[in-house]
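Quantities reported herein were computed from a predicted structural model and do not represent experimental measurements. Quick note on labels: first sequence line is chain A, next is B, and so on, each numbered from 1.
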Amino acid sequence: MLVSWRYRQRKSLIQWFDPRAWIIFYGCFLVTSLLSWDVRFLLPVVAISVIVLLTSGLKWHEIRRAFLFIIGFIFIFTFLTFLTGRGGSEVYKQEHLIRAFKAPFSILGWTPTLKITAERAIFAVAQFGRVFGIGIMTLLIPYSLNPSFYGVTFRGIGLPDKIAYAMDLTMRFIPTFGRDFQLTMDAQRARGYELEKISGGLFAQVRKLGPIFVPVTIHAILGSEDIIDAMDLRAFGIGPRTWLEHLRYQPRDFLLIAFGVVMLVAGFVLVFRGYGVLWVPAALLHLAGG
Amino acid sequence: MTPETPLVIEKLTFRYRDRKTPAIRDISFSAGPGEILLIAGASGCGKTTLIRCINGLIPRSYKGEASGRILLNGQETVGWALAKISQTVGTVLQDPERQILGTKVLHEVAFGLENLAMPRPEIIARVDESLNYLNISYLRDRETFNLSGGEKQKVALAGVLAMRPSILLLDEPLASLDPASAYETLDMVRRLADEGMTVLMIEHRVEDVLRIRPERVMFMSEGQVKYLGSLEGLEKVVDYHEVKLPAKAILERAARDPAPAELNVLPGVSSQDSPQSALVKFENVAFSYQPETEVLHGINLEIKRGDVIAVLGPNGAGKTTFVKHAIGLLKPKSGNVLVNGRNTREASVAQIASTLGYVFQSPSHMLFAPTVREELAFGPKNLLHPKDQIEKEVKEALQIVNLSEMEKDPPLALSFGQQKRVSIAAILAMHSRILVMDEPTAGQDYHNYMSFMDAILQLPGFEAILFITHDVDLAVIYANRVLMVADGTIVADGSPREVLGDVQRLEKCRLVPTSLLSLNLERWPRTGRFLRAEALAHIH
């Protein structure tokens with residue numbers, strides 16, 4: 001059986017709207033976030049995600065693990081990009097050096113050097129803001145969207161029955177996968193397996209993860225076959241289906257969709273007006289002596 | 001045969017694409033309206049393949065070579081879409097967990113009707129009718145994830161009944177149910193048949209099904225029908241070691257055979273050993289998954305050398321949560337669990353595993369190796385056993401579970417019953433001092449599980465054994481101590497006679513006295529101990 005996310009009905013902004021309206025708004029938000037690297041452009045986008053988070057009615061203990069994982073992941077990802085300077089090389093051509101740290105040793109004549117430039121620094125801020133906004137808005141969906149409405153929501157935004165139901169199953173597959181992973185971990189730990197003590201080279205380490213990944217993968221495949229059998233045995237996919245849940249748009253939902261569309265259009269307009277590229281504040285350039 | 005006969009099978013043979021021999025051969029029978037046909041037989045005898053042929057999953061989902069005919073209400077099903085078959089034939093799978101798709105009971109029961117594109121009001125009416133019929137209307141708006149095993153089974157059945165099939169196929173519907181839930185399910189099945197439905201039920205728990213007097217019984221072996229006829233006939237033709245018959249029937253037949261050998265239980269534990277020090281100790285243990293709901297409360301318990309403990313209790317009582325504390329997979333929220341005097345909070349699971357081996361309920365969560373042999377060697381290797389010793393441990397474990405011939409086979413390609421035996425052998429090979437098994441017999445045929453339970457109990461290495469079960473007879477035959485768990489507490493702890501003799505308490509814990517238990521209680525003055533029916537037959 002597929003497990004559901006920890007959804008609860010709460011008094012929150014996100015749950016005040018029809019789930020279809022929210023998904024459409026989320027789509028607009030996602031595209032808008034991806035339009036620009038300009039921090040001034042991204043600031044309101046991040047602000048929206050923070051407002052939605054603060055009004056979500058979620059308790060800290062409910063999202064603590066997921067939130068910290070996302071923030072930690074974004075931070076490490078951004079920091080690595082900042083150190084290597086690779087992620088933003090397509091966004092900016094010229095760099096203004098603020099400071100360089102040279103290692104006190106050389107390897108075959110090459111001295112490792114960390115260059116802090118104005119572009120790298122502002123790109124890190126922009127990247128963190130963009131991924132943070134998207135991450136938070138995405139994280140809130142499973143906690144706020146009623147699992148009983150997944151299918152009808154996707155159907156309601158125009159997807160065919162089969163794809164809408166597949167999306168429903170996919171949404172619920174993630175927590176199911178998590179449960180199976182934990183069960184397998186427990187079963188192997190009971191056989192003396194200790195994930196934290198895995199040693200050897202990269203390939204040896206990957207191979208030693210087999211006791212976890214093989215059962216989890218096989219279980220997922222077998223589980224999918226069971227689900228397909230169960231669906232086939234109850235006439236799924238023979239033609240258009242009725243969705244028992246019936247969603248009705250309220251005026252506020254149209255307002256939300258309109259807001260999302262306006263945000264998207266405004267984003268495009270700003271990009272055409274030159275706000276799509278990386279913006280480096282004059283203060284940073286000044287610091288770099290530029 | 002009249003054209004109205006709901007189900008007719010003629011010379012049906014099927015071979016899976018990747019197998020050399022047919023899974024079922026030359027099967028012919030028919031089933032009339034209002035009839036319950038019980039299908040029994042060992043694991044791998046072809047029962048599930050037969051069901052898949054009837055419900056259309058073969059050849060649509062499982063490819064292979066088929067011959068013969070299947071007629072539903074006089075019409076041959078070749079070329080029918082699965083959707084068309086599913087309106088005549090309803091199937092409830094072995095594990096309701098595998099069948100339930102909806103997040104709420106309402107949506108689960110409505111699923112098939114939604115697919116048939118019925119209007120909403122009709123769907124709602126049929127869902128309510130179905131739930132009412134099964135007396136589970138109160139579950140209508142509940143989340144399926146939070147249902148007990150018995151409730152899930154009923155909801156799965158409601159989802160099938162809502163489509164108003166005339167034939168119902170049940171594939172081991174009782175496997176994961178506590179006895180009371182199993183009896184409730186059986187009573188519903190009888191009612192359905194009495195109202196005209198044709199029911200084919202695969203079940204290992206033959207004795208339980210006999211209670212609802214199935215009209216006929218089919219016994220299958222190696223893909224063929226070995227017996228098809230009345231209940232009385234079955235008791236005469238099948239080997240009572242292969243099918244679990246009522247205790248009195250075994251008694252009559254076993255009296256003519258030699259008396260079974262006495263079990264030498266836990267031979268490594270001498271009766272003179274001091275039972276003073278506890279191998280495992282629970283000190284006022286409480287636990288909760290969510291802060292607001294406590295699952296275990298006030299558990300105080302000692303497991304000592306020589307204990308063979310059966311843990312009984314209803315679905316969702318907290319039995320698995322309780323034993324997961326013993327191996328340190330779960331740590332108590334308050335209180336302590338000590339294994340060999342060491343607090344589980346201060347030891348890793350791997351460290352505890354060398355003392356306490358734990359066989360999980362589902363084998364598919366642990367099997368990964370390319371061969372059975374490597375699967376069995378995994379645990380001992382992790383515990384750093386010497387190579388020579390591992391060889392010996394693996395060989396011995398394979399013999400116990402009767403899988404020596406399959407040591408080079410990939411475990412994942414074996415049947416569910418065989419996989420379960422591999423999972424037990426994998427823990428046996430670790431040679432822990434205490435063995436803990438969660439539902440070791442679920443999904444196993446009678447002959448297999450009795451054989452490996454006999455073998456396990458007689459292993460010299462173990463100092464104590466604990467098993468969770470719904471099978472009261474397993475506790476009667478093998479346990480020297482019974483723990484009854486209900487609502488997260490231990491409601492009874494004592495000898496099998498003390499605990500199982502209290503019928504009222506049994507019923508409160510959703511257990512039902514079996515014919516073997518009743519016979520043992522009746523003969524207690526003469527025997528002074530609980531025995532299997534074969535042994536009782538030789539005590540006069």
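Neither the backbone nor the side chain of Ala81(B) comes within contact range of chain A, judged by heavy atoms closer than 4.5 Å. If you measure heavy-atom distances from Ser61(B) to chain A, the contacts under 4.5 Å come from the side chain alone. When heavy atoms are compared at a cutoff of 4.5 Å, Leu412(B) approaches chain A solely by way of its side chain, counted from C-beta outward. Residue Met231(A) touches chain B through both its backbone and its side chain, counting heavy-atom pairs closer than 4.5 Å. When heavy atoms are compared at a cutoff of 4.5 Å, Leu106(B) approaches chain A by way of both its backbone and its side chain. Contact annotation for Ser348(B): only side-chain heavy atoms (C-beta onward) come within less than 4.5 Å of a heavy atom of chain A. For Lys84(B), no part lies under 4.5 angstrom from a heavy atom of chain A.
Residues of residues 237-257 of chain A placed with any heavy atom under 4.5 Å of a heavy atom in chain B are listed by number as Ile238(A), Pro240(A), Arg241(A), Thr242(A), Trp243(A), Leu244(A), Glu245(A), His246(A). Residues of residues 119-127 of chain B that come closer than 4.5 Å to chain A, counting heavy atoms only, are Arg120(B), Ile123(B), Ile124(B), ordered by residue number.
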Intermediate values then yes/no, salt bridge (Lys or Arg N to Asp or Glu O under 4.0 Å), Glu375(B) and Arg191(A):
CA-CA 11 Å; Glu375(B) 190 71 58; Arg191(A) 296 164 81 189; 2.9 Å; yes

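The candidate from Met163(B), Glu114(B), Lys381(B), Met430(B) with the greatest count of non-hydrogen atom pairs under 4.5 Å with chain A is Glu114(B). Between chain A and the residues Ile427(B), Leu116(B), Leu329(B), the most heavy-atom pairs under 4.5 angstrom are made by Leu329(B). Ranked by non-hydrogen atom pairs under 4.5 Å with chain B, the options Gly192(A), Gly210(A), Ala230(A), Gly151(A) are led by Gly192(A). Contact tally against chain A (heavy-atom pairs below 4.5 Å) for Ser423(B), Ala350(B), Ala110(B): the top residue is Ala350(B). Considering only heavy-atom pairs separated by less than 4.5 Å from chain A, the leading option among Val349(B), Thr91(B), Leu356(B) is Val349(B). Of the listed residues (Ser86(B), Ala429(B), Ser362(B)), the one with the most heavy-atom contacts under 4.5 Å to chain A is Ser86(B). Ranked by heavy-atom pairs under 4.5 Å with chain B, the list Asp186(A), Val214(A), Ile228(A) is led by Asp186(A).
Leu209(A) CG to Phe368(B) CZ: the interatomic distance, rounded to the nearest 0.5 Å, is 11.5 Å. Rounding to the nearest 0.5 Å places CG of Asp180(A) at 8.0 Å from OG of Ser364(B). Considering CZ of Arg189(A) and CD1 of Ile352(B), their distance stands at 9.5 Å, rounded to 0.5 Å.
Between Val160(B) and Leu233(A) the shortest side-chain heavy-atom distance does not fall below 4.5 Å. You'll find the side chain of Met366(B) stays beyond 4.5 Å of the side chain of Pro215(A), heavy atoms only. Looking at heavy atoms from C-beta onward, Tyr193(A) lies in side-chain contact with Phe378(B) at the 4.5 angstrom threshold.
Using a 30° and 60° split on the angle between ring planes, Phe236(A) and Phe111(B) fall in the parallel class, below 30°.
No more than 12 heavy atoms of other residues, nucleotides or ligands lie within 6.0 Å of NZ in Lys162(A), so this atom counts as exposed by the packing criterion. No more than 12 heavy atoms of other residues, nucleotides or ligands lie within 6.0 Å of CZ in Phe75(A), so this atom counts as exposed by the packing criterion.
Side-chain contact annotation: Tyr165(A) with Asn115(B), donor-acceptor N/O pair under 3.5 Å absent. Thr184(A) and His365(B) form no side-chain donor-acceptor contact under 3.5 Å, judged by distance and modelled atom types alone.
A donor-acceptor pair under 3.5 Å is formed between the side chain of Arg172(A) and the backbone N or O of Leu101(B). Within the 3.5 Å criterion, the main-chain N or O of Asp232(A) finds no donor-acceptor partner in the side chain of Arg60(B).
A side-chain hydrogen bond (donor to acceptor under 3.5 Å, both in side chains) with Arg234(A) is found for exactly one of Gln87(B), Gln99(B), Glu108(B), namely Glu108(B).
The shortest non-hydrogen separation linking Thr103(B) to Pro147(A) is CG2-CB, 3.7 Å.
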